[in-house]
Structure formats: C-alpha cells, structure tokens
Chemist: 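Just dropping this structure here.
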Amino acid sequence: MSHPETSSSAARITPRTLKGFRDYPPEIMIPRERLIDTARRVYRSFGFAPIDTPALEYLDVLTGKGSDETDKQMYRFVDHGGREVGMRFDLTVPLARFAAQHIQELGTPFKRYHIATVWRGENTQRGRYREFMQCDFDTIGVESVTADIETALVIFELLHAIGMPRFTLRLNNRMVLNGLLQRLDLADRASAVLRSLDKLGKLRADDVAKELESVVGLSDAQARDVVGLAALDGDNDAILRDLEHRTEGSEVGQTGVARLREIVAAFEAATGEPGQLRIDPSIARGLDYYTGPIYETFLDELPAIGSICSGGRYDDLAGLFTRQRLPGIGASLGLDRLLAAQEELGLIERVRTPTPILIAFFAADRYHDYLRLARSLRRAGIGSELFPEPRKLGAQLKYADKQGFRAVLILGEDEFQAGTCRIKDLKVGSQEVVHVGPDAGQLVDHLRDLVA
RNA sequence: GUGGCUGUAGCUCAGCUGGAUAGAGCAUCAGAUUGUGGCUCUGAGGGUCGGGGGUUCGAAUCCCCUCAGCCACCCCA
C-alpha cells in the first residue's frame with residue numbers, strides 16, 4: 001500500500017533460504033539454547049574460559065592446514081580491499097591461529113571453550129548443513145595424561161548435565177594404532193588404513209578387510225590383523241592386555257597402551273562409573289592430526305545416530321603459525337546430532353515461550369496494577385508475560401495454550417478488590433485462588449512450586 | 001562433487017492413460033460463547049500445482065533445464 005511499486009506480484013521476491021542453511025523458530029531455538037547453556041555451564045565449571053574469533057579469516061590462515069577436501073568446502077571471496085578471505089569451517093584452525101598469536105600473554109595451560117557457527121559448502125544430508133554450530137573445548141600446553149583424563153570427565157559431566165546419562169564413551173589411542181601399523185610394516189600407509197578402519201562402525205568387518213586389500217593394498221594377513229582390532233572383546237583390562245601383546249616391540253604402541261590404562265583407572269576413580277568408558281581399538285577418527293587418545297561418545301539408546309561428542313589429542317596445534325610447539329587435547333559436542341537424538345527419543349518438550357507465566361489482561365482499567373504484578377514476579381525470578389491487549393479471556397487462554405505457558409494468572413476487578421489471584425494450571429487444567437500478599441510474596445511462593 | 005528418488009494450501013496428502021472452476025484432513029481466522037484454553041458446530045481466508053522453458057487445441061499430469069529436500073557414494077576438524 002505504501003509501496004505501490006512492489007505490490008505487483010512480478011516485483012515480489014520469493015522468500016527462501018539457501019541450501020544447507022536454516023531458520024530456527026522459537027520452538028527449535030528454545031531447546032537449542034538450553035543445550036548450549038548447559039554445555040557452557042559444564043565447560044566453565046572445569047575452568048575453561050570463553051573465547052571468540054572472527055568468522056572471516058585471511059584465506060591463507062584457513063587453507064594452510066586444510067586438506068584439498070576442506071579447501072573445496074570453504075566459502076571464500078575477495079573483499080573490497082582485494083584481500084583473499086575465507087569463512088571458518090571449524091573452530092580448531094582459528095584456535096591454532098589465536099594461540100600462535102596470543103600464547104605469550106595467555107600462558108599455559110590455556111583452557112578455552114568456543115561455541116560458534118562455522119560454514120562448509122559441502123553437500124547436504126540429514127543432519128548435515130552448510131551452516132552449523134560447534135561447541136569445542138580444548139586444553140593447550142599440557143602434555144600430561146591429566147588433560148586426557150579431564151577431557152573424558154568433561155564429556156561425562158556434560159552428558160549427565162544434559163540429562164542423557166545412558167551413554168558410552170569410547171576411547172582409543174592413535175599411538176596404539178601407530179604401534180600396530182609399525183609392527184605390520186604399514187606406517188607409510190597409516191592414514192589410508194585408518195580411514196578404512198574408521199568405517200568399522202558402519203561396514204561389516206569382512207567388507208572393511210576387503211577394502212583394505214583392494215584399495216589400500218594390504219596383504220590378506222595384514223588386513224585380517226587390522227580388522228582383528230574390532231573383534232576384541234571383553235572388559236577394558238582384557239582389551240588392554242591384548243593390545244599390549246599386539247604392540248609388543250613397538251615403543252609408541254606400548255606407551256599408548258600405558259596411557260589408556262591410566263585414563264581408565266582415573267576415570268573409574270573420579271566417576272565411579274567404569275562401565276561408561278570403553279576401550280575401543282576400532283575408533284580411528286579420520287583426521288591426520290590426532291596423535292594420542294581419541295574419543296567418541298555414543299548414546300546407548302540411539303547408537304545409530306553416531307558419535308555425539310568426539311575429540312582427541314594433537315601434538316602440534318599451531319605448527320603452521322609458530323615454531324613454538326603447542327600440544328593440546330579437546331573435544332566437540334555435536335549439537336545438531338544431539339538435538340536430533342533428543343527429538344527422536346521424545347525428550348524435547350515443544351514450547352514457544354521461554355516464560356512460564358502469562359498474566360491475562362482482563363480488567364482494562366487495571367493496566368498499571370498488572371504492570372506492577374508482572375514486575376514483582378520477574379524480580380522474584382519468575383518469568384511473566386503480560387498479554388498486550390484486554391481481549392476476550394478465551395482468546396488469551398487459547399494463546400497461552402498454544403505458546404505452551406505453564407499457567408495463566410487471572411485477575412479481574414473482583415480479584416483486585418479481594419487481593420487475590422486465580423492461578424490456572426494449563427497442564428493439569430486445575431484452578432486455585434491464592435492471596436497475592438505484599439510484593440506478591442504469597443503468590444510467588446505458590447508459583448515457585450508450579451514452575452520448578 | 002557423482003548417482004537415484006521426491007516436490008500440489010502453513011502441515012500431511014488425494015487428484016485415473018493429458019480435459020473444463022485443483023480437493024480433503026489438520027492448522028489459521030471469525031462466530032456460536034463479553035469471566036475460562038483443549039471438545040463440538042457453522043462459516044471464511046489461504047494455491048505462480050517449487051521456478052523457467054518446451055510439446056499440445058488443452059499440462060498439476062509428458063519432455064528439457066533449474067532450485068530445494070531425502071537417500072546412497074565421496075569425504076568428514
């Protein structure tokens with residue numbers, strides 16, 4: 001109307017989102033933010049401090065480390081000043097740059113968490129988008145096994161805090177794999193072998209063995225030996241003994257097994273839940289840069305969705321940027337996967353409001369009294385929305401129902417006169433009349449139980 | 001990036017081998033119901049049939065291109 005030139009349908013632009021990019025409406029954003037808050041709280045409780053870095057970096061900063069694959073997936077452009085620029089495709093490369101640039105002031109150990117959006121122009125799939133969020137935590141500058149142990153403990157606490165205590169943290173050590181490959185005389189083909197090995201979760205052992213022979217060129221015996229790792233069964237002690245045997249004569253391998261042993265013992269001592277940490281020699285993780293312990297976390301109720309928290313140790317984070325050696329270890333929560341899992345397990349309550357209480361705007365000339373009441377409730381820590389117009393009560397209740405409010409406060413002239421308030425519990429359907437009291441104190445006491 | 005499947009109202013879908021004004025359920029809005037949501041009834045709004053081009057007297061229907069989604073592969077910080 002005010003823009004006649006855009007009112008014809010020919011001039012109108014179709015509203016749409018780019019492939020792999022998403023809108024997040026309130027009912028999606030509310031559980032998402034809750035999860036992020038929980039991760040933040042757990043990270044901070046262990047002493048990890050927040051950092052942020054720019055979404056855009058000089059292209060050479062990002063491409064330096066990247067494989068051809070990540071190069072292909074990176075969003076890049078030339079800015080108005082002629083600079084070659086890329087969008088970060090993970091939070092580890094920015095961390096490496098950040099650490100190389102600031103480690104003098106930061107000192108070590110440096111523990112940081114970083115929850116931020118990253119971009120990859122890869123093909124989309126269910127649960128894989130071109131814009132997504134990573135929730136990393138890392139410890140820089142600690143070679144000792146204590147950092148490996150703490151990483152496992154953070155994952156443990158995180159999953160419990162999220163309310164998903166039924167999970168298995170699977171642990172392996174690249175040193176063990178390297179030791180084994182050394183013994184098999186395959187050190188030169190390590191990354192190809194590991195890539196195939198990593199498929200053991202998805203493919204049958206026979207197929208992986210076949211791939212190792214045909215693609216990587218292993219002998220029958222070598223392939224069987226590698227795949228045999230996955231067949232290892234029994235408790236952690238039994239597996240560790242077996243691994244010790246298999247890596248005999250390899251110093252790296254033996255060191256790796258010893259480190260696993262320490263992690264297992266400390267995890268048990270700290271949590272009292274030894275069953276939730278399992279040595280799994282078939283966990284390889286695709287990445288070349290892992291050099292020590294590696295972690296993957298699977299939900300017992302939904303293992304098929306894949307690892308929801310993974311990470312590992314790397315000996316040289318920032319070698320591209322500085323001569324100073326910066327060893328580190330860290331992991332990343334798979335936010336989207338975890339949300340998908342919670343959704344599938346029916347753990348996500350669908351609400352469109354972060355606020356539990358709606359105050360019906362009922363008596364038109366009591367507006368100021370409603371404002372005062374709302375303020376008292378908010379000050380007492382009870383989120384309260386005042387309906388903006390004195391519409392029909394039925395319409396306001398309908399709105400409250402649709403948005404997912406926990407309760408509606410109904411006060412008309414009668415209630416104001418009597419100093420009372422009706423609390424309508426939308427979930428149960430019951431209703432009670434309570435005294436408001438000074439500063440709404442009595443009302444607050446009632447509501448606290450309700451919204452707890 | 002490669003291959004396959006799919007795309008009709010906000011959502012789930014129907015719509016025959018090409019035929020006239022494209023339908024249903026749910027959802028939305030209004031009313032029944034000016035101090036009480038979910039249930040019921042009545043009514044209304046809502047469609048470039050993903051988009052563009054082609055074949056045809058005639059296309060939601062057939063063909064090509066394109067965009068998007070799903071699945072598999074590739075890969076996986």
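Keep in mind it's a predicted model, so treat the numbers as computed, not measured. By convention in this document, chain letters (A, B, ...) are assigned in the order of the sequence lines, proteins followed by strands, and residues within each chain are numbered from 1. No hydrogens, no waters, no symmetry mates; every other heavy atom, side chains included, goes into these values.
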Chemist: Please enumerate all residues that pass salt bridge (charged side-chain N to carboxylate O under 4.0 Å, His left out) together with Arg391(A), with sequence neighbours excluded.
Modeler: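 Residues passing salt bridge (charged side-chain N to carboxylate O under 4.0 Å, His left out) with Arg391(A): Glu389(A).
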
Chemist: Between Glu143(A) and Arg313(A), does any NZ, NE, NH1 or NH2 come within less than 4.0 Å of an OD or OE carboxylate oxygen?
Modeler: no

Chemist: If you apply the rule salt bridge (Lys or Arg N to Asp or Glu O under 4.0 Å), what do you find for Asp37(A) with Arg34(A), and how did you get there?
Modeler: CA-CA 5 Å; Asp37(A) 283 346; Arg34(A) 187 164 42 218; over 6 Å; no

Chemist: Using the C1' atom as the reference point in each nucleotide, state the distance between A60(B) and A9(B) in Å, no decimals.
Modeler: 14 Å

Chemist: Pick out the pairs of N or O atoms, protein on one side and nucleotides 66-70 of chain B on the other, that lie under 3.5 Å.
Modeler:
residue, atom, partner, partner atom, Å
G69(B), OP1, Gly20(A), N, 3.1
G69(B), OP2, Lys19(A), NZ, 3.3

Chemist: Rounding to the closest angstrom, what is the interatomic distance between G35(B) and C49(B) at atom C1'?
Modeler: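 Each nucleotide's C1' atom is 47 Å from the other's.
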
Chemist: Can you list everything that forms a side chain to side chain contact (heavy atoms under 4.5 Å, CB included) with Val142(A)? Sequence neighbours excluded, please.
Modeler: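 Side chain to side chain contact (heavy atoms under 4.5 Å, CB included) check on Val142(A) returns Pro109(A), Thr139(A), Ser144(A), Thr146(A), Ala147(A).
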
Chemist: Write down the distance separating the C1' atoms in G15(B) and U21(B), rounded off to the nearest Å.
Modeler: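 Roughly 15 Å separates the two C1' atoms.
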
Chemist: In chain order, what residues pass the salt bridge (charged side-chain N to carboxylate O under 4.0 Å, His left out) check against Arg120(A), with sequence neighbours excluded?
Modeler: none

Chemist: Using atom C1' of each nucleotide, how far apart are A32(B) and U17(B) to the nearest Å?
Modeler: 48 Å

Chemist: Without decimals, in angstroms, what is the distance between Asp23(A) CG and C11(B) P?
Modeler: 13 Å

Chemist: At under 4.0 Å between heavy atoms, which parts of nucleotides 31-41 of chain B does protein reach? Answer with one letter per nucleotide, 5' to 3': B base, S sugar-phosphate only, - none.
Modeler: S---BBBB---

Chemist: Got a sec, which residues hit side chain to side chain contact (heavy atoms under 4.5 Å, CB included) with Pro354(A), two or more places apart in sequence or on another chain?
Modeler: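 With neighbours one apart ignored, the set is Ile30(A).
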
Chemist: Considering only atom P, compute the distance from G23(B) to U48(B) and round it to an integer number of Å.
Modeler: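 Going atom to atom, P in each nucleotide, I get 15 Å.
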
Chemist: Can you tell me, in whole Å, how much space there is between the P of U28(B) and that of A72(B)?
Modeler: 35 Å

Chemist: Between G69(B) and C11(B), how far is it from one C1' atom to the other, in whole Å?
Modeler: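 To the nearest whole Å, 15 Å.
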
Chemist: Listed by chain and number, what are the side chain to side chain donor-acceptor pair (under 3.5 Å) partners of Glu131(A), not counting sequence neighbours?
Modeler: Trp119(A)

Chemist: Stem list for RNA chain B, please, built from Watson-Crick and G-U wobble pairs under 3.5 Å and keeping only runs of at least 3.
Modeler: B:1-7 with B:67-73, B:10-13 with B:23-26, B:28-32 with B:40-44, B:50-54 with B:62-66

Chemist: Who passes salt bridge (charged side-chain N to carboxylate O under 4.0 Å, His left out) against Arg422(A), sequence neighbours left out?
Modeler: Glu415(A)

Chemist: Excluding sequence neighbours, so at least two apart, what forms side chain to side chain donor-acceptor pair (under 3.5 Å) with Tyr43(A)?
Modeler: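 Result, side chain to side chain donor-acceptor pair (under 3.5 Å) vs Tyr43(A): none returned.
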
Chemist: Run the ring pair (Phe, Tyr, Trp, His ring centres under 6.0 Å) test against Phe387(A) and tell me which residues pass, sequence neighbours left out.
Modeler: Tyr399(A)

Chemist: Taking the P atom in each of C63(B) and A59(B), what is the distance between them to the nearest angstrom?
Modeler: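 These two P atoms come out 16 Å apart once rounded.
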
Chemist: Identify, between Asn123(A) and Lys402(A), the residue whose nearest nucleotide on RNA chain B lies closer to the 5' end.
Modeler: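 The answer here is Asn123(A).
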
Chemist: Considering residues at least two apart in sequence or located in another chain, which fulfil the side chain to side chain donor-acceptor pair (under 3.5 Å) criterion with Arg278(A)?
Modeler: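 Testing Arg278(A) for side chain to side chain donor-acceptor pair (under 3.5 Å), a comparison that skips the adjacent residues, returns none.
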
